[in-house]
Number of protein chains: 2
Amino acid sequence: MNDDWPRDPNPFSAACPSRIIFDHIADKWTMLTLCTLAMKPIRFNELKREVEGISQKMLSQTLKKLERDGLITRQAFPTVPVTVEYAITPLGQTLSCVAANIAAWTTNHIAEVLAAQERYDRQNLDGPAFQGIK
Amino acid sequence: MNDDWPRDPNPFSAACPSRIIFDHIADKWTMLTLCTLAMKPIRFNELKREVEGISQKMLSQTLKKLERDGLITRQAFPTVPVTVEYAITPLGQTLSCVAANIAAWTTNHIAEVLAAQERYDRQNLDGPAFQGIK
DNA sequence: CAGGATCCTTTACGATACTG
DNA sequence: CAGTATCGTAAAGGATCCTG
């Protein structure tokens, strides 16, 4: 049915460096945090409020990782008490754009996915149900 | 349709449906498996060989999830022993293209990221060191 | 060949308490 | 305010054995 349109080799092959970064950004909070920072520079606790549901530990951890990767910057001001502002870098911006593509895909296709899930679940309620010795 | 989109607000906000799918595809194997399937239809064990490092359990689990989401199809042939072929769907193709963007981003920017990491690590070896708390 | 069922280890993550 | 340190739980993931 659907023919093989000639594609490049798997962009995520295990040896490939893609994996290194992908494994790295594909956790629960990284993209969310990055995209929040893409909107405007913001302080730690403010950010914690924006990124709903994140714990202080995960935020701190995520920010450190992002900073290390050069995707965001951290700037501390010697006020009392101290103020720290996080901001996205140009490099980080480019990644956040890619992340936006994923979000866009989801927005455009979520209906299809949900429909497929329902279809699948319906079939696996009638099917395995009567076979089901448990 | 839905072009209430890529304006300002965070595309990954916790409430947003983006998260539902993103959390879902952002694990260690989903994208890799999908992209491998995007190249050509393929059988289970063959796939297991292609997706280097994946365990039988994770492959099985990942495939089931992808099928449920309507991103791939599973077709069993009554040969002896049984043959099962997995193939990507048109919907899955569109997602694998997005995934390819991530891979492309990595390829294009990995040097910058690695450089940033080195810079960061160097500073945090000299930095905290001479403050000598340790 | 294509998986399911189990066990076990490792990791992620949250909650809490404390510090400059 | 902006974190660090520690602990405990839950989930992810790998290894192994088993089956139609």
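Chain letters run A, B, ... following the sequence lines, proteins first, then strands; residues in each count from 1. All values derive from a computational prediction rather than experimental measurement.
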side-chain N/O T83(B) vs dA2(C) OP1/OP2, d < 4.0 Å: no
I42(B) and E50(B), any side-chain heavy atoms less than 4.5 Å apart: yes
Integer-rounded Å distance: dA2(D) P and L63(A) CG: 11 Å
Of the listed nucleotides dA2(D), dG20(D), dG3(C), the one nearest the side chain of Y86(B): dG3(C)
Touch class at under 4.0 angstrom, heavy-atom based, for K64(A) against every strand present: sugar-phosphate
Nearest-Å distance for atom pair CD/P, residues E85(B) and dC1(C): 15 Å
Interatomic distance, L59(B) CG vs dG13(D) P [rounded to whole Å]: 13 Å
For A116(B), side chain to side chain contact (heavy atoms under 4.5 Å, CB included) partners two or more places apart: R119(B)
Basic-acidic side-chain contact under 4.0 Å: K65(A), D27(A): yes
Flag side-chain contact, heavy atom, 4.5 Å: T106(A) against V113(A): no
Whole angstrom value for the distance that separates P of dG3(D) from CZ of F44(A): 6 Å
Nucleic acid footprint by protein, nucleotides 12-17 of chain C - heavy-atom cut-off 4.0 Å, B for base, S for sugar-phosphate alone: -BBBB-
N or O in side chain of R74(A) less than 4.0 angstrom from dA2(D) OP1/OP2: no
Rounded interatomic separation in angstrom, taking CD from E67(B) and P from dG3(C): 9 Å
Protein-nucleotide distance (N45(A), atom CG; dG3(D), atom P), rounded to Å: 9 Å
Any residue meeting side chain to side chain contact (heavy atoms under 4.5 Å, CB included) with K48(B), in chain and number order, not counting sequence neighbours: N45(B), I54(B), Q56(B), L59(B)
Atom-pair distance (CD on E52(B); P on dG14(D)), nearest Å: 14 Å
Heavy-atom donor-acceptor pair, T89(A) side chain to G70(A) backbone, under 3.5 Å: yes
Distance in Å, L91(A) CG paired with T73(A) OG1, rounded so as to fall on 0.5 Å steps: 12.0 Å
